[in-house]
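From a predicted model like this one, the values you see are computed outputs, not experimental measurements. In listed order, ligands and their atoms are each counted from 1.
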Amino acid sequence: MSNWGHKHIIDLSSFSFEDYKEVLELANRFKRLPQAGSRKLPALQGRLIATLFFEPSTRTRSSFELAAKKLSADVQSFSPSSSSLSKGETPLDTVMTYVAMGAEVLVIRHSSAGVPAQLAKYLDQKNKKVAILNGGDGLHSHPSQALLDLFTLTNYFDNVNNSPECLFGKTITIVGDILHSRVARSNLWSLTGCGANVILCGPKSLLPEDFVRFAKEPPSDQKDDPIIKRGDITICRSLKDSLKKTDALITLRLQKERMSENLISNLNSYHHEYGITHKKLEWCDKAIPVLHPGPVNRGIEMSSKLLEDSSICLVEEQVSNGIPIRMSLLYLLAATNTN
Ligand code: CP
């Protein structure tokens with residue numbers, strides 16, 4: 001019996017442990033379905049899902065569209081460059097156009113933090129049945145990426161049950177450009193929500209000290225934190241010290257397009273200090289998996305050799321896991337939003 005209570009998915013600060021469990025259990029079931037042929041589940045037959053990406057994407061948009069098709073939904077995508085945005089239409093009017101066409105779930109990516117939340121609020125005020133699923137907004141949140149990262153980690157630590165319980169007490173290091181990363185912010189909610197302790201590692205210019213207070217309180221528009229005891233967040237500037245303590249590593253893309261000033265003096269010295277290579281992984285006291293949300297700047301966050309070593313680097317698995325996770329999210333939003 002589902003206890004799912006979210007009409008929209010904007011970020012993960014409001015997710016309870018049971019929510020994580022439900023999303024992962026469902027994704028696990030979708031993942032284990034036979035892949036051969038063109039088999040589809042009829043779950044969302046006749047329902048319209050629209051992907052409105054006002055910012056570029058390869059993985060998120062494609063995997064939401066594939067996930068929707070695997071559930072037999074009708075899928076409508078939107079390309080900003082060939083849309084009426086170029087004639088001055090606002091994103092709100094674009095959204096209302098897709099709502100008028102009957103879309104029941106809108107997956108929205110926007111470069112400004114808060115746009116999916118504002119749209120959800122507006123649609124609720126208008127009593128529209130449509131659900132908003134945040135596909136990434138500015139520096140704020142990327143919930144489906146954090147959930148597929150969680151799924152990839154639980155799959156690594158507990159391949160049989162794939163349950164978030166296996167993360168309790170584990171140490172996960174996130175290294176790199178945390179300041180500009182909506183993925184890291186969503187990872188912080190989900191990992192600490194499942195009881196993992198997180199080490200944040202990076203230079204001061206990309207990792208301000210106040211990140212240790214992240215997830216200490218829910219956002220101002222949210223009453224309570226549904227998690228009774230979150231894992232800890234600590235900052236460690238030394239990659240070597242972080243790797244000695246960690247059970248898994250998530251490394252992040254340097255988001256040069258979001259840097260308003262030059263925060264990195266030299267890409268070679270960044271790679272030397274924080275780039276992940278086979279040699280640096282020898283500092284770990286055990287074999288660990290390396291994750292990256294993509295797209296990867298080869299030779300900066302990670303060596304090409306490591307990126308292509310699937311015995312350590314789980315990037316391909318993350319991409320594959322994106323489909324069952326997004327099937328799970330679309331199913332929970334569309335199938336439970338039938339009134
Ligand atoms: N990880 C991620 O969001 O990738 P895309 O920008 O390609 O969707």
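Residue contacts with ligand 1: R61 is placed with no nitrogen or oxygen under 3.5 Å of a nitrogen or oxygen of the ligand (distance criterion only).
Checking side-chain atoms of T154 against main-chain N and O of F151 turns up a donor-acceptor pair under 3.5 Å. Although no hydrogens or angles enter the test, the distance criterion places no donor-acceptor pair under 3.5 Å between the side chain of S303 and the main chain of G299.
Shortest non-hydrogen contact noted between H142 and V183 is CD2-CG2, 3.8 Å.
A salt bridge is absent between D74 and R47: the closest approach of a Lys/Arg side-chain nitrogen to an acidic carboxylate oxygen does not fall below 4.0 angstrom. Ion pairing between R326 and E65 fails under the 4.0 Å rule for side-chain N and carboxylate O.
Taking every heavy atom of T58 and a limit of under 4.0 angstrom, the matching atoms of ligand 1 come to 5 (P), 7 (O), 8 (O). The atoms of ligand 1 that sit less than 4.0 Å from any heavy atom of G294 are 1 (N), 2 (C), 4 (O). Each of the atoms 1 (N) of ligand 1 lies under 4.0 Å from some heavy atom of P293.
Ring orientation note: the planes of F30 and Y331 are nearly perpendicular, at an angle over 60° on the 30°/60° scale.
Atom CZ of F211 is separated from atom CG of L200 by 7.5 Å, given to the nearest 0.5 angstrom.
At the top of the distance list for atom 6 (O) of ligand 1, counting protein heavy atoms only, stands R109 NH1, 2.9 Å. Counting only heavy atoms of the protein, atom 2 (C) of ligand 1 lies nearest to T60 OG1, 3.5 Å. Taking atom 7 (O) of ligand 1 as the reference point, the nearest protein heavy-atom neighbour is R59 NH1, 2.6 Å.
Taking a 4.0 Å cut-off on heavy atoms, G136 fails to register as neighbouring ligand 1. Ligand 1 has H142 within reach: a non-hydrogen atom of the residue lies less than 4.0 Å from it.
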